Amino acid sequence: MLSLKALSCLLDYPDAGLVASRRELIDCFRQDSVLTEDSKAALIELVDQICAQDLLDAQEDYTNLFDRGRSCSLLLFEHVHGESRDRGQAMVDLMNIYQEQGFYIDAKELPDYLPLFLEYLSSRSIAEVRQWLGDVSHILALLGERLKQRDSHYAAVTEALLELAQVQVNQPELAQTVSQEERDDTPEALDKIWEEEMIRFGQGSAQDCGSNSAIRQRRAEVEGVMPVKILDAAASSNLGQVGS
């Protein structure tokens, strides 16, 4: 599905290539035969919003939204397994599925990175797309509501994905749940996370990393990994269970 490829590009870290593709992205959404007109309009508004900004401002907004704390992380398994060992095995399983289907990724992204996941799905059948999106619908719904409550136009992407999955969400209940969450992207919350990381990795590691911000550390975790790839049926069932 071409629209999934466009959604992948739109949700990825904004760069000059995204800005240059503005017209193609808008045309892709306008021509989509599955999404509703409201979803198309919201996605086009997001494209225009990103492309109208100075690129550095768009990148800073993106980083502040998705890399500060974990609640809006675009790493799917982070919402399911956190930092547990189960996350590593789930990513290996996911990577094996990618490889079996001839989909290879480089060393810059983890296999559960949502834009990468969508790029993979863009080459699959509509039935398979709906199955996979259905498996992660709880994560998408939670992420989308968090984005809404942060007044982010990126919520249009998760709305479109849930629409493609044909999944209905109990919006009032979800909104109430998210409204009661403690924000993890405030300076105080980030300082607390950073202190925990210093204790976990030891004094030597803390000294090495002390000059970097928590945000840079989070992005370094993503950009410094080795190649991996997506899950089999058994592993995919774990995606629908959002961890606490």
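Here the structure is a predicted model, which is why all the values come from computation and not from measurement.
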Task: Sub-4.5 Å side-chain heavy-atom contact between Leu110 and Phe77 - done: no
TODO: Measure the spacing between SG of Cys72 and CG of Asp67 and express it to the nearest 0.5 Å.
DONE: 10.5 Å
Task: Closest non-hydrogen atom pair, Asp15 against Gln59 - done: CA-NE2, 4.2 Å
Task: Inter-residue atom distance Gln168.CD - Ser137.OG, 0.5 Å rounding - done: 11.0 Å
Open item on the list: What I'd like to find out is whether the side chain of Leu118 reaches to under 4.5 Å of the side chain of Leu161, using heavy atoms alone.
Closed with: yes
Open item on the list: For a 4.5 angstrom cut-off between non-hydrogen side-chain atoms, does Tyr62 reach Leu74?
Closed with: yes
Open item on the list: Looking at Thr63, is its backbone amide N or carbonyl O close enough to the side chain of Arg68 to form a donor-acceptor pair, meaning the two atoms are under 3.5 Å apart?
Closed with: no
Task: Side chain proximity check, Pro172 to Asn170, heavy atoms < 4.5 angstrom - done: yes
Task: Gap separating the OG1 atom of Thr158 from the CD1 atom of Ile139, nearest 0.5 angstrom - done: 12.5 Å
Task: Transitive ILVMFWY side-chain link Phe66 to Leu55, under 4.5 Å - done: no
Task: Donor + acceptor pair across side chains of Asp135, Gln131 (<3.5 Å) - done: no
Open item on the list: Are Ser122 and Leu2 packed together at the side-chain level, in the sense that at least one heavy-atom pair is separated by less than 4.5 angstrom?
Closed with: no
Open item on the list: Determine whether Tyr154 and Asp61 satisfy the following criterion, side-chain contact (heavy atoms from CB on, under 4.5 Å), listing intermediate values before the conclusion.
Closed with: CA-CA 11 Å; Tyr154 276 102; Asp61 289 348; over 6 Å; no
Open item on the list: Going by the rule side-chain hydrogen bond (donor to acceptor under 3.5 Å, both in side chains), which residues pair with Glu145 if we only count those two or more places apart in sequence or in a different chain?
Closed with: Gln149, Gln171
TODO: Could you tell me the separation between the CG atom of Leu174 and the NZ atom of Lys148, rounded to the nearest 0.5 Å?
DONE: 8.0 Å
Task: Result of checking His79, Arg150, Glu78 against Ser71 for side-chain hydrogen bond (donor to acceptor under 3.5 Å, both in side chains) - done: Arg150
Open item on the list: Going by side-chain contact (heavy atoms from CB on, under 4.5 Å), name the residues that satisfy it together with Asp54, two or more places apart in sequence or in a different chain.
Closed with: Leu56, Asp57
Task: Shortest non-hydrogen contact from Gly144 toward Ala155 - done: O-CB, 3.8 Å
What pairs of donor and acceptor atoms, side-chain ones from residues 3-12 against any protein atom, are under 3.5 angstrom apart with sequence neighbours left out?
residue, atom, partner, partner atom, Å
Ser3, OG, Asp32, OD2, 2.9
Lys5, NZ, Glu119, OE2, 3.2
Ser8, OG, Pro115, O, 2.5
Asp12, OD1, Tyr113, OH, 2.7

Task: Under 3.5 Å: donor-acceptor pair, side chain of Glu163, backbone of Ser39 - done: no
Task: Non-neighbouring partners of Glu37 that pass salt bridge (Lys or Arg N to Asp or Glu O under 4.0 Å), sequence neighbours left out - done: Lys40
Please tabulate, for side-chain N and O atoms in residues 16-28, each donor-acceptor pair with protein atoms closer than 3.5 Å (sequence neighbours left out).
residue, atom, partner, partner atom, Å
Ser21, OG, Gly17, O, 2.9
Arg22, NE, Asp48, OD1, 3.0
Arg22, NH2, Asp48, OD1, 2.9

Task: Atom pair CD (Gln89) and CG (Asp93), whose distance is rounded to the nearest 0.5 Å - done: 4.5 Å
TODO: State, with a plain yes or no, whether a side-chain heavy atom of Leu133 is found less than 4.5 Å away from one of Val167.
DONE: no
Open item on the list: Are the side chains of Val157 and Leu147 in contact, using a 4.5 Å heavy-atom criterion?
Closed with: no
Task: Exam field: side chain Glu128 to backbone Leu121, donor-acceptor pair closer than 3.5 Å - done: no
Open item on the list: Can you tell me how far apart CZ (Arg30) and CG (Leu43) are? Round to the nearest 0.5 Å.
Closed with: 12.0 Å
Task: For Arg146, all residues meeting side-chain hydrogen bond (donor to acceptor under 3.5 Å, both in side chains), sequence neighbours excluded - done: Glu181
Open item on the list: Can a donor-acceptor pair be found, under 3.5 Å and without considering hydrogens, that links the side chain of Tyr98 to the backbone of Pro111?
Closed with: yes
